[in-house]
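One structure below.
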Amino acid sequence: QVQLVESGGGLVQAGGSLRLSCAASGRTFSTYAMGWFRQAPGKEREFVARISLSGRTTTYAESAKGRFTISRDNAKNTAYLQMNSLKPEDTAVYLCAADRNTVVTKNAAAYEYWGQGTQVTVSS
C-alpha cells in the first residue's frame with residue numbers, strides 16, 4: 001500500500017509559480033507511475049500530468065503543456081509538479097496519484113492510490 005501526501009499549494013497571482021510535492025510512504029515508490037490531477041468546484045477530476053516509473057517518460061494535458069513540469073526523485077520517494085505562468089483557470093485542488101500499470105493513461109479510475117490534495121488558488 002502507498003500513502004501519498006501533497007504539499008506546496010497556496011495563493012498566487014496570475015503569472016506566478018508554485019511547486020507541488022507529493023511524498024509517498026513505503027519502499028515501493030519506484031514501482032508506480034505517478035500522476036497529478038486537479039478538481040475545481042463543480043467540475044470533474046481532470047488529468048494534468050503523468051510520469052513513468054523511471055521518470056524518463058512524461059505525459060501532459062494540453063492545458064499543462066509548456067507551463068507545467070512533472071518530475072520525481074525515487075531516492076526521496078517524492079513526485080513534483082512545477083507550475084509556471086499560472087492562470088486563474090488553474091485554480092483547483094491538486095491531487096497526486098499512483099498507478100502500478102505501465103500503460104500510459106489519463107483516466108483517474110486507473111490510479112490505485114490518491115492523496116488528499118492541496119489547494120491552488122490563482123488570483124487575477
Any donor-acceptor pair under 3.5 Å from Glu112 side chain to Arg100 backbone: yes
Exam field: side chain Arg45 to backbone Leu95, donor-acceptor pair closer than 3.5 Å: no
Close side-chain approach of Val122 and Gln13, heavy atoms under 4.5 Å: no
Contact check, side chains of Val93 and Thr118, non-hydrogen atoms, under 4.5 Å: no
Distance, nearest 0.5 Å, that separates OH of Tyr32 from CG of Leu4: 9.5 Å
For Arg38, the option from Glu46, Glu44, Glu6 that meets salt bridge (Lys or Arg N to Asp or Glu O under 4.0 Å): Glu46
Minimum side-chain heavy-atom gap Asp99-Thr105 below 4.5 Å: yes
Donor on one side chain, acceptor on other, Asp73 and Thr78, under 3.5 Å: no
Under 3.5 Å side-chain donor-acceptor pair for Arg50 and Tyr111: yes
Exercise: identify the closest heavy-atom pair between Thr28 and Thr31: O-OG1, 2.6 Å
Beyond-backbone contact of Thr69 with Thr58, side-chain heavy atoms, under 4.5 angstrom: no
Min side-chain heavy-atom separation Asn84-Phe68 under 4.5 Å: no
Nearest-0.5 Å distance that lies between atom CD1 in Ile51 and atom SG in Cys96: 12.5 Å
Atom pair CD (Glu89) and OG (Ser124), whose distance is rounded to the nearest 0.5 Å: 10.0 Å
Row check, Tyr60 ring normal vs Arg67 NZ/CZ: under 6.0 Å, within 45°: no
Worked check of side-chain contact (heavy atoms from CB on, under 4.5 Å) between Val120 and Met83: CA-CA 10 Å; Val120 171; Met83 305 188 295; 3.8 Å; yes
Side-chain donor or acceptor of Thr121 paired with backbone N/O of Leu11 under 3.5 Å: no
N/O donor-acceptor pair under 3.5 Å between Asn74 side chain and Leu53 backbone: yes
Enclosure of Gln119 CD (heavy-atom neighbours >12, cutoff 6.0 Å): yes
OG on Ser30 to CG on Asn77, rounded to 0.5 Å: 7.5 Å
Note, Gln82 side chain near Ser17 side chain (heavy atom, < 4.5 Å): yes
Evaluation steps, side-chain contact (heavy atoms from CB on, under 4.5 Å), between Val2 and Phe29: CA-CA 8 Å; Val2 177; Phe29 178 73; 5.6 Å; no
Interatomic spacing from OG in Ser52 to CZ in Arg72 - rounded to 0.5 Å: 7.0 Å
Nearest-0.5 Å distance that lies between atom CZ in Phe47 and atom CD in Glu62: 11.0 Å
Aromatic Tyr80 / basic Arg19 pairing, under 6.0 angstrom, 45° off normal: yes
Path from Val12 to Tyr94 over hydrophobic side-chain contacts below 4.5 Å: yes
Beyond-backbone contact of Trp114 with Phe37, side-chain heavy atoms, under 4.5 angstrom: yes
